[in-house]
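In what follows, a structure is listed as structure tokens, so that the remarks can point back to it.
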Protein chains: 2
Amino acid sequence: MGQLPTILDVAAAAGVSRQTVSNVLNSPSLVRPETREKVEAAIAGLGYRPHASARRLRTQKSSTIGIRLDPLSADGISGSILDRFLHSLTEQADRKDLRVMVFTAADSNDEIRQFKRLSEGADVDAFILTATFHGDPRTQWLIEHGEPFVTFGRPWGTDDISDPEHLWVDVDGRHGIREATIHLLGTGARRIAYIGWHSPSGTGDDRRRGWQQAMEESSGLRPEEIAALHAPTEDGATFGAEALLHLEKTAGNIEAVVCASDALALGAFMHSAGRIPVIGYDNTPVASSIGFSSIEQPIDDVAGGMLELLTGAHGGRVQPGQEVAEPTHQLLQPHLVLRTPRVQALTVRSN
Amino acid sequence: MGQLPTILDVAAAAGVSRQTVSNVLNSPSLVRPETREKVEAAIAGLGYRPHASARRLRTQKSSTIGIRLDPLSADGISGSILDRFLHSLTEQADRKDLRVMVFTAADSNDEIRQFKRLSEGADVDAFILTATFHGDPRTQWLIEHGEPFVTFGRPWGTDDISDPEHLWVDVDGRHGIREATIHLLGTGARRIAYIGWHSPSGTGDDRRRGWQQAMEESSGLRPEEIAALHAPTEDGATFGAEALLHLEKTAGNIEAVVCASDALALGAFMHSAGRIPVIGYDNTPVASSIGFSSIEQPIDDVAGGMLELLTGAHGGRVQPGQEVAEPTHQLLQPHLVLRTPRVQALTVRSN
DNA sequence: GGACCAAATTTGATCGTTCAAATTGATCGT
DNA sequence: ACGATCAATTTGAACGATCAAATTTGGTCC
């Protein structure tokens with residue numbers, strides 16, 4: 001390991017002072033090009049890297065963002081999506097010289113306790129929140145304590161979307177589901193069912209509206225008929241299968257299904273034995289393995305957008321009562337990934 | 001936000017000196033119980049938390065472990081397993097007052113570059129490695145540079161398992177597959193196929209041996225017959241389906257299948273239409289949704305074991321030529337999760 | 001009561017960096 | 001030629017904690 005070189009070693013090697021080296025790193029414009037080169041050569045020669053903790057102590061900034069690992073979120077981004085998101089976030093953060101620290105929490109209150117720990121210890125100086133919900137206590141706490149943060153998910157219900165209290169990036173689920181439904185209508189299907197989550201659910205209700213709009217506009221069915229094609233349930237493959245079974249009994253013939261998640265879609269697909277088109281949401285590995293269509297969220301753009309908001313003019317905080325030049329949120333569009341099923345017959349056990 | 005209290009504020013409030021407060025936190029035994037209580041009251045009253053960066057600067061320890069996010073590892077722990085592992089690791093690290101920092105890397109060399117960045121910047125002071133392979137350059141680099149680390153995975157091939165050059169925790173895949181095979185033999189099946197990965201692959205070869213042993217001991221088949229039931233391929237559902245199709249053509253009737261991964265098992269299960277028992281590896285969500293048996297790795301124990309080794313006497317490093325009292329590795333046993341299929345018929349398209 | 005020793009507590013120095021103020025050296029206007 | 005101005009660089013101080021050494025406290029023994 002040896003002793004790591006410090007800024008003083010670099011200064012000595014380059015024949016300048018500490019501060020000049022510091023300036024080369026942080027405010028290059030202050031340094032004469034000639035000296036800058038000398039210093040840069042010394043830095044490279046010694047393999048010097050600034051000591052993160054020393055810098056943090058002095059600047060009171062950690063250049064680290066915190067994100068909770070939420071493995072089993074029923075709502076919003078589930079499992080493998082969070083995984084992809086975390087990966088993309090970390091990769092892009094790295095390019096901006098930001099580090100990512102993860103933590104776990106049992107519930108929202110526990111998460112707030114972690115916010116406290118991590119911000120007070122100066123471990124992180126901004127937070128990334130996923131799966132926001134109506135009346136979220138976490139955003140409230142962060143705003144009150146002046147901690148910078150960005151959410152993946154709109155501030156459902158609490159405030160105006162166009163004039164938000166905080167920064168957010170979200171995916172327009174309604175639009176995605178609407179496009180998917182329109183695609184199915186374009187193939188000739190009319191009796192298109194929607195299997196989603198129980199209300200109230202910000203994400204869930206929004207997605208359902210996409211299906212509802214498309215159906216009302218172009219299916220030619222009466223409102224009661226459309227309503228009869230809607231089955232709210234819990235998230236999960238078995239629930240998806242049961243919901244479709246239920247719909248077939250109560251609403252009769254179903255020509256296609258749009259689902260609020262891939263888990264539900266898997267169930268519906270299994271139950272329908274691949275005979276009718278099923279469209280899921282999130283384009284998880286299951287969808288591609290089994291081979292059903294799914295709506296893909298632009299995860300990279302979400303992560304990139306969040307970092308942009310965090311490092312941009314706002315610095316993760318919306319200054320109250322101040323003119324805002326840059327946008328404070330982004331609503332991104334998902335896109336439909338079409339697949340033809342790899343399986344022909346598939347039926348759920350009768351048990 | 002206000003100004004956070006420092007150790008000096010606590011000292012003043014408790015009527016003692018800096019160092020006494022520091023001792024209450026780090027070496028309570030040095031402090032008289034009476035004073036300790038006073039200080040603890042002051043800490044609680046002010047809501048003081050030590051400034052992580054200041055402590056790190058002084059102690060030259062970050063109390064942070066780094067782990068690479070590897071989203072698409074074909075070998076070893078794949079996708080959702082890494083997710084579960086990361087979650088478990090973070091949760092257990094938290095209890096030991098350790099933080100977890102994540103990073104991404106395109107390949108091993110890139111990962112080594114990250115090791116450098118993070119250790120030189122004193123961002124992390126130990127690494128967690130997953131999916132080790134034969135002649136892994138990463139472990140070599142870490143050993144050479146004296147960076148503490150633990151691997152999830154044995155040092156395949158490089159050195160002696162019972163006298164390792166570094167700390168590791170692994171799951172006994174051979175034993176797991178062996179038990180799974182024995183279970184199938186117990187149900188009366190004899191012609192049990194094995195679908196795994198191409199050789200050489202540390203993990204893959206080890207798992208295959210488990211099947212081979214069980215077959216040689218108890219199937220009653222001749223060695224050539226057993227060999228004919230083995231199909232090595234790439235990881236993935238389609239490869240699994242193709243492998244089983246191939247085996248049916250070349251080896252004839254197959255009564256059950258054991259696979260090196262759930263992805264392969266999914267393919268085999270789809271191809272066999274759920275008619276014969278299929279056992280996968282990793283017990284991913286796909287296995288539970290679709291409903292096939294799978295071998296579950298004790299992820300929590302793996303994470304816990306790795307942290308134990310890291311924080312134990314070794315401090316993540318095996319001192320060369322020194323007597324070692326504590327064990328330097330752990331080999332854990334997986335267990336079989338049995339399921340009855342939820343689907344009855346399922347066939348792969350002929351394309 | 002004073003000498004001695006261990007336990008408890010305090011003080012001085014330091015980790016590596018950046019901020020703020022001070023210094024140097026060159027250019028310029030009058 | 002002389003101070004004023006400005007760019008480039010240096011020096012002193014501080015961030016908040018811990019280590020190492022010094023000091024005080026308190027008890028025991030003769």
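Naming convention: chains lettered A, B, ... in sequence-line order (proteins, then strands); numbering from 1 in each chain. These values consider heavy atoms only, across backbone and side chains, with no hydrogens, waters or symmetry-generated copies.
Taking the nucleotide of DNA chain C with the nearest heavy atom to each of B:A54 and B:Q19, the more 5' of the two is matched to B:Q19. Mapped onto DNA chain D by nearest heavy atom, A:T35 and B:P5 fall at different nucleotides, with A:T35 at the one closer to the 5' end.
Counting atom types as modelled, A:R58 pairs no side-chain N or O with a base atom of C:dT17 as donor and acceptor under 3.5 Å.
Closest contact between the side chain of A:Q60 and the listed nucleotides D:dT18, C:dG16, D:dC15 involves D:dC15. Side chain of A:R32, nearest nucleotide from D:dA17, D:dT9, D:dT10: D:dT9. In this structure, of D:dA17, C:dT9, C:dT18, it is C:dT9 that holds the atom nearest to the side chain of B:V31. Nearest to the side-chain atoms of A:H51 among the listed nucleotides C:dT17, D:dT9, D:dA17 stands C:dT17.
Look at CG on A:D9: it is 11 Å from P on C:dC15, rounded to the nearest Å. For the pair B:N26 CG and D:dA17 P, the computed distance is 11 Å after rounding to whole Å. As rounded to whole Å, 13 Å separates atom C1' of D:dT10 from atom CD1 of A:I7. Distance B:L30 CG to D:dA21 C1': 14 Å, rounded to the nearest Å. A:K61 places its NZ atom 21 Å from the P atom of D:dA14, with the value rounded to the nearest Å. One atom, CZ of B:R56, and another, C1' of C:dT14, lie 19 Å apart when rounded to the nearest Å. Between A:N23 atom CG and D:dA8 atom P there is a gap of 11 Å when expressed in whole angstrom units. In this structure, CG of B:L8 is placed 12 Å from P of C:dT10, rounded to the nearest angstrom.
Considering only side-chain N and O atoms, A:R55 lies under 4.0 angstrom from the phosphate OP1 or OP2 of C:dT18. The side chain of A:T59 contributes no N or O atom lying less than 4.0 Å from OP1 or OP2 of D:dC15.
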Inset, instruction - For side-chain contact (heavy atoms from CB on, under 4.5 Å), just list the numbers for B:R138 and B:T132, CA-CA rounded to whole Å, side-chain angles, deciding distance to a tenth of an Å, and then say yes or no. - result: CA-CA 9 Å; B:R138 302 172 301 165; B:T132 52; 4.2 Å; yes
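Base contact: A:R18 has a heavy atom under 4.0 Å from a base atom. Among the heavy atoms of the strands lying under 4.0 Å from B:T6 are primed sugar atoms or P, OP1, OP2 only; no base atom is included. Within the 4.0 angstrom heavy-atom criterion, base atoms lie near A:S17. B:S53 comes within 4.0 angstrom of no nucleic acid atom, judged by non-hydrogen atoms across all strands.
Surrounding NZ of B:K38 are more than 12 heavy atoms belonging to other residues, nucleotides or ligands, all under 6.0 Å away.
Using a 4.5 Å cut-off on side-chain heavy atoms (C-beta onward), A:Q92 and A:D300 make contact.
Across all strands shown, D:dA7 pairs with C:dT24; the Watson-Crick or G-U wobble distances both stay below 3.5 Å. Summarising the base pairing, C:dG29 is matched to D:dC2 through a Watson-Crick or G-U wobble pair whose two defining distances lie under 3.5 Å.
Side-chain N/O atoms of B:N23 and B:Q19 include a donor and acceptor closer than 3.5 Å.
Between B:F127 and B:F115, the ring planes are tilted. Angles from 30° to 60° get that label.
A donor-acceptor pair under 3.5 Å is absent between the side-chain atoms of A:T104 and the main chain of B:H87, judged by distance alone.
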